[in-house]
Amino acid sequence: MKQDQIKDIINRQMTTDGLVQSGIAGVKLFRVSDPVPCVPAVYEPSIVIIASGAKEAVLDGHRYVYDRLQYMVCPMSMPVEAGTPQASPDDPLVGVYISLDPRIMGELAREMEDAGGGLPPSRQVLVSQGIRLAQWDDAFADALMRLLALVGNETDQAVLGQSRLRELLYAVLKGEAGYFARQAFGVGNAIARSISHVSTHLDEPISIDDLAARAGMSRAVFHRKFKNATTMSPIQFVKSMRLNNAAMKIAGGMTVNEAALDVGYVSPSQFSREFKRLYGQSPRQWGDAQHPALTLN
């Protein structure tokens, strides 16, 4: 099976746990052999592919568990809880993390539309929002193998890396999660642009009215479309993004006050109240309980 070949490629490159660059821009390899409980994280636009083991993510109460039979597509920044509770030395988590470049994904989506492969005219209801799991198909497996076959050869990576990455991303856009991903990267997706604005301006005041105006929508329409895309209201999304980013910063060694200011909280007491309401512990208690762990962000 292709998954076994992919697992072998990764294991040849990695003898210890970690997340390492493959030599192809945007493509990383990872290995985790210790269980990690689900903790606050932020998924940036990405694809996570599992060759062995299983990974979990929780988005707004919805739990996603994926392994070597499915890959995860997250086309927009999302506040989640993520972990590898099942990882062990006997059954490590092994896989590939691919960052999604909005420019490349947008180009591919437009090229598909120009060639007659755009979104269908009927309004398809998405099975999942914010995150989508997709079954491997032959085109995806073949493209991934062709991409990873370059790992370890600097010349091949430099000459063929980006073209084979585009081939894989094209397979994703044609696959089971293709409709979902093309909605995010297609022309005119104001919600995706709003989420990108939020994720890059967390340390500044964020007005829902301003986001709606940027999207060219009324507040009511923006609220409805935003919730359809993310499962959360805009206010809930902004708060979750801020608190999850702060939790990650605290786990990384930043002080509570520094983390609060870094994600846009002016009042430390308000930050502590909202943090404890969401996570059940004060920021300091939560930080003291954390241990360094691999995050695929």
field: Contacts of type salt bridge (Lys or Arg N to Asp or Glu O under 4.0 Å), residue D210, not counting sequence neighbours
entry: R214

- request: Verify whether the ring centers belonging to Y66 and Y71 lie closer than 6.0 Å.
  value: no

- prompt: Restricting to pairs with a member in residues 227-248, which pass salt bridge (Lys or Arg N to Asp or Glu O under 4.0 Å), not counting sequence neighbours?
  reply: K239-E274

query: Parallel under 30°, tilted from 30 to 60°, perpendicular over 60°: which one fits the rings of F275 and Y279?
result: perpendicular

- request: Could you verify whether a donor N or O on one side chain and an acceptor N or O on the other, from Q270 and S267, lie under 3.5 Å apart?
  value: no

- request: Using a 4.5 Å cut-off on heavy atoms from C-beta on, say whether the side chain of P75 contacts that of M105.
  value: no

message: In the structure I gave you, are the side-chain heavy atoms of R31 and T16 within less than 4.5 Å of one another anywhere?
response: no

query: Would you call D67 and K55 a salt bridge, taking side-chain N to carboxylate O under 4.0 Å as the test?
result: no

message: Set out, in order, the CA-CA distance, both residues' side-chain angles and the distance that settles side-chain contact (heavy atoms from CB on, under 4.5 Å) for Y43 and M76, then state yes or no.
response: CA-CA 8 Å; Y43 273 175; M76 299 176 285; over 6 Å; no

task: Following the transitive rule for hydrophobic clusters with a side-chain heavy-atom cut-off under 4.5 Å over Ile, Leu, Val, Met, Phe, Trp and Tyr, establish whether I250 and L261 coincide in one cluster.
output: no

query: Is any side-chain heavy atom of L148 closer than 4.5 Å to a side-chain heavy atom of L29?
result: yes

message: Any non-hydrogen side-chain atom of E167 less than 4.5 Å from a side-chain atom of L147?
response: no

- request: Taking atom types as modelled, find out whether N257 and Y265 have a side-chain donor-acceptor pair closer than 3.5 angstrom.
  value: no

- prompt: Does the side-chain contact (heavy atoms from CB on, under 4.5 Å) test come out yes or no for F271 and V266, once each step is laid out?
  reply: CA-CA 8 Å; F271 171 71; V266 176; over 6 Å; no

- prompt: If Ile, Leu, Val, Met, Phe, Trp and Tyr residues are connected whenever their side-chain heavy atoms lie under 4.5 Å apart, and connections chain through other members, are V58 and L278 in the same group?
  reply: no

Ionic contact status for R166 with E111, cut-off 4.0 Å: yes

query: Going by atom types alone, do D60 and Q236 pair a side-chain donor with an acceptor below 3.5 Å?
result: yes

message: Does this structure show an ion pair linking K174 with D137, if we count only N-O contacts that are shorter than 4.0 Å?
response: no

message: Checking F222 against I191 for the side-chain contact (heavy atoms from CB on, under 4.5 Å) test, could you report, in this order, the C-alpha distance in whole Å, the side-chain angles of both residues, the deciding distance, and whether it holds?
response: CA-CA 8 Å; F222 178 74; I191 300 301; 3.9 Å; yes

